[in-house]
Amino acid sequence: MIKYINDCVDCGFPCYDCRYKKEVKHLYCDTCGQEVDKLYWVDGDQLCRDCAIDTLLDELEEVTEE
């Protein structure tokens, strides 16, 4: 999920050119809740790379000897 969070650190300096003054976009995985750099759509959920891979692997059929 995408959340916009105010990252102000109350440094006491003027806010006019501060990168923390506005709400900053943060990306969180819908499954594990970790903050990540990238999210991927899988079945309507926004997942991190690891959770996306796990979800996709669960949907695939494993090859076994016959």
### Task
Give the cluster check for I2 versus V36: same hydrophobic cluster or not, with ILVMFWY residues linked at side-chain heavy-atom distances below 4.5 Å.
yes

### Message
Which residues pass the side chain to side chain donor-acceptor pair (under 3.5 Å) test with D7, not counting sequence neighbours?
### Response
H26

### Heavy-atom donor-acceptor pair, D30 side chain to Q46 backbone, under 3.5 Å
yes

### Message
When you group the ILVMFWY residues by side-chain heavy-atom contacts below 4.5 Å and let the links chain together, are L56 and L47 in the same group?
### Response
yes

### Message
Can you tell me how far apart CG (L27) and CD (Q34) are? Round to the nearest 0.5 Å.
### Response
13.0 Å

### Task
For residues V42 and A52, report the shortest heavy-atom separation together with the two atoms involved.
CG2-CB, 3.8 Å

### Message
Let me check something: do L39 and Y4 share a hydrophobic cluster, defined by ILVMFWY side-chain heavy atoms less than 4.5 Å apart, either directly or through other members?
### Response
yes

### Task
Would you confirm whether N6, through its side chain, and C8, through its main-chain N or O, come within 3.5 Å as a donor-acceptor pair?
yes

### Spatial distance of atom OH (Y40) from atom OG1 (T55) [nearest 0.5 Å]
13.5 Å

### Task
To the nearest 0.5 angstrom, please state how far the SG atom of C29 sits from the CE atom of M1.
8.5 Å

